[in-house]
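See structure below.
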Amino acid sequence: MATPTRDAVDVRTLSHWAGGKPVEGTSGRVAEVTDPATGAVTARLPLASDSEAAAVVAAAAAAFPAWRDTSLAKRTQILFRFRELLNERAGELAAIITAEHGKVLSDAAGEVARGQEVVEFACGMPHLLKGSATENASTGVDVHSVRQPLGVVGIISPFNFPAMVPMWFFPVAIAAGNTVVLKPSEKVPSAALWLAELWREAGLPDGVFNVLHGDKTAVDHLLTSPDVKSISFVGSTPIARYVYETATAHGKRVQALGGAKNHMVVLPDADLDLAADQAVNAGFGSAGERCMAVSAVVAVGDIADTLVARIAERARALRTGDGRRGTDMGPLVTAAARDRVAGYIDAGEAAGATVVVDGRTGDYDADGAGFFVGPTLLDHVGTDMSVYTDEIFGPVLSVLRVESYARAVDLINANPYGNGTALFTNDGGAARRFQNEVEVGMIGINVPVPVPMAYYSFGGWKNSLFGDTHAHGTEGVHFFTRGKVVTTRWLDPSHAGVNLGFPTNS
Ligand code: NAD
C-alpha cells in the first residue's frame, strides 16, 4: 500500500463549540492534529485568544440560570438519553479516539466504557443530591441542608484519554446543574466535539456544554475568569501545580490531577505467570500512555530472573502497529513523544540498565511514518536513573530488584508521585499490610491497574493530585456543588391569631 503523504488525507478545520453550535476560530493561531499511526495531518485546530475564551465562558454563564432551575427530573432524563445515545454509538467515538490518540480500538472502546460508567453514576443524581433535615432542632425550629450547583465549571483535560477524562467530570457537573467549558488537549480535540453533538441530540439546552480549544492562553482565561467557579484539571505534574496555584489564587475550588510513576511489587509467593501477564497489560496497554500504567516492576527476593524472562517472552509477542488493524499496541501520540521515550531508553542503557526487550527498532504494522516505539523492558534499573525518577509515559517497563518487602514499600513511599500501585502476592497478611502502609491513592491487590469504579472516587496522593477532592463518585458530587443549611422557624398557627381550625397545643 502506498505511503500516505501529508496531502493525501482531507484536512478538516475544527471549531470551538459554544451556545449549542460550532463557533469558528478567529485568533489566526492554529495547531495541527495528526494521526499518530500514519503521521498524516488530519485537522487544523483553532487556538483561542483571550477574547474568544471569554465568549465561550459567557455562553456557559448565560445558560446557567435556566439550567440550574431545570428540575432534576428533566435533567436526569437528558442524562439517560445521553447514555442511550452513547451506548448506541460508542464505536464511532472509539474510532475518533484511535485516529487521534493512536491507542488500539479495543483500548479506545474500553475508555468509552469507563466514561459511560460515570454517566450512569450521574443518572442517579436525584438520590446523590438529597440533603438532610432535622425536625425540632430547637423548639419550633427545623433545619435542612441542600447542595446547589456552582455555576460555570472549567475542565482542562490531557491527551491520553480524550473521552474518559472529560467524562470523569462533566456528567456529574451537568447533572448537578452546572454549565461546563471543556478545554480538551490540542492533540486530540475531536472527541470533545463529538460529545458536544451527542449532548445536543440528547436534548441538552444550548450553552450547558461548551468546548474551548486552545493552549495556555485559553487555560489562563479559565483559571482567572471570575465567571468560572471551579477547575478540574488532569495532566502533567508541573502544569497541575501551576493550575492549582493560579486558580486557587483567583478564588476557585480546584482539583488538579498530575503525573504518576506506578510501581507493581511482586512478592516471592506470587503467581509469576499472572504477574507477568498483568505487567505486560499494565505496562504496554495504550503504549504506556496511561496515568495508571505500571512503569516500575519491583521484584522482591530471588524471583527476578524468572519474572523478567516471563515478561520478556510476552512483550516480544506483542504486535505493534496501527490500532485499527487488530494490533496489540499502537503508536505514541506525537513524533516528539516518540523521540522523548526513545531518549529515555538510551539514557537508561547508558546509565547501566540492561535492555532486555528493545522497542527502539522494530517492524510495525502500519502505513506511513507513524510514531512507534515497541514494548521495552529494562532490567537492573537503579533509583537514580532517569528511567526511574521521571514519568516516561511510554511503553517502557523498568525492573528494580530489591531484597525485601520493606525495601519495596520504602521505594514507593520515597517516590514523589502517589497515583496507583499494585501488589502481587497470595499472602493476605502481606496484602493487608501493604494497603495500610503504602502512601498512594489507589491500590491494587493482584490487580495491576486499580482504577476505581465510577461510584468510588479517582485520585492519587502527593504530586499526583493538588487539592483534596478526587474525581467522580460522591467526592465529585461534593466538588460540583456547595452546601447550604436552612434554619426555619414557623410559628404554630394557633399563635398567629387566625383561626384555621387547628387545635391549640399550649
Ligand atoms: P499536559 O500537562 O501537557 O497537558 C494537559 C492540559 O494542560 C492540556 O489541555 C494542555 O493544553 C494544557 N497545558 C499544557 N501546557 C500548559 C501550560 N503551560 N499552561 C497551561 N495549560 C497547559 O499533559 P498531557 O501531556 O496532555 O497528558 C499527559 C500527562 O497527564 C501525564 O503526566 C499523565 O500522568 C497525566 N495524567 C494524569 C492523570 C491522573 O489521573 N492523575 C490522568 C491522565 C493523565
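Below, all heavy atoms of this structure are taken into account, side chains as well, without hydrogens, waters or symmetry copies. Both ligands and their constituent atoms are indexed starting at 1 by order of listing.
- Polar contact with ligand 1: absent for K187 (N/O pair, distance under 3.5 Å).
- Here the protein heavy atom with the shortest distance to atom 40 (O) of ligand 1 is F458 CE2, 3.0 Å.
- Among G441, G418, C291, A337, the residue whose heavy atom lies nearest to atom 38 (C) of ligand 1 is C291.
- Remark: the backbone N or O of G359 is paired with a side-chain donor or acceptor of T376 at under 3.5 angstrom.
- The protein heavy-atom contact nearest to atom 31 (C) of ligand 1 is E391 OE1, 3.5 Å.
- Here the NZ atom belonging to K183 is positioned 12.5 Å from the CD1 atom belonging to I155, to the nearest 0.5 angstrom.
- For atom 12 (C) of ligand 1, the nearest non-hydrogen atom of the protein is V219 CG2, 4.3 Å.
- Side chain of S464 to backbone of G258: no donor-acceptor contact under 3.5 angstrom is found.
- Under 4.0 Å from ligand 1, not a single heavy atom of D215 appears.
- Although no hydrogens or angles enter the test, the distance criterion places no donor-acceptor pair under 3.5 Å between the side chain of R324 and the main chain of L105.
- Compare S157, P238, G235, P158 by their heavy atoms: the one nearest to atom 8 (C) of ligand 1 is in S157.
- For ligand 1, the atoms sitting less than 4.0 Å from at least one non-hydrogen atom of F233 are 5 (C), 6 (C), 7 (O), numbered in the order shown with element in parentheses.
- Backbone and side-chain nitrogen or oxygen atoms of K183 are examined, and one is located within less than 3.5 angstrom of a nitrogen or oxygen of ligand 1.
- Distances from atom 5 (C) of ligand 1 to the heavy atoms of V188, V234, I239, V451 show the closest one on V234.
- Looking at ligand 1, you won't find any N or O of V165 less than 3.5 Å from one of its N or O atoms.
- Ranked by closest heavy atom to atom 37 (C) of ligand 1, the top entry among A256, P189, G258, A260 is G258.
- Atom 19 (N) of ligand 1 is flagged as protein-proximal [any protein heavy atom, distance under 4.0 Å].
- In this structure a side-chain-to-backbone donor-acceptor pair under 3.5 Å is missing from E391 to K261.
- Ring-centre distance between Y388 and H263: below the 6.0 Å cut-off.
- By the 3.5 Å distance cut-off applied to N or O atoms, G259 is not counted among the residues near ligand 1.
- H213 places a side-chain N or O within 3.5 Å of a backbone atom of S15 that can act as its donor or acceptor partner.
- Using a 4.0 Å cut-off to heavy atoms of N160, the atoms of ligand 1 that qualify are 43 (C), 44 (C).
- In this structure, the protein non-hydrogen atom closest to atom 26 (O) of ligand 1 is F159 N, 3.0 Å.
- Atom-to-atom distance recorded for H16:NE2 and E24:CD is 9.5 Å, nearest 0.5 angstrom.
- For the pair R200 and E197, the salt-bridge criterion is met [side-chain N within less than 4.0 Å of a carboxylate O].
- For A247, the side-chain contact (heavy atoms from CB on, under 4.5 Å) test picks out L223, I231, K252, V254, with sequence neighbours left out.
- Considering backbone and side-chain atoms together, S236 places an N or O closer than 3.5 Å to an N or O of ligand 1.
- Neither the backbone nor the side chain of F161 comes within 4.0 Å of ligand 1, counting heavy atoms alone.
- By the 30° and 60° cut-offs, the orientation of the rings of W168 relative to H472 is perpendicular.
- For ligand 1, the atoms sitting less than 4.0 Å from at least one non-hydrogen atom of W168 are 40 (O), numbered in the order shown with element in parentheses.
- Pairs engaging residues 95-114 under the ring pair (Phe, Tyr, Trp, His ring centres under 6.0 Å) rule: H101-F159 [sequence neighbours left out].
- Atoms of ligand 1 lying under 4.0 Å from any heavy atom of E186, numbered from 1 in the order shown and given with element: 10 (C), 11 (O).
- The closest protein non-hydrogen atom to atom 28 (C) of ligand 1 is F393 CE2, 3.6 Å.
- T217 contributes no side-chain N or O that, together with a main-chain N or O of S49, makes up a donor-acceptor pair within less than 3.5 Å.
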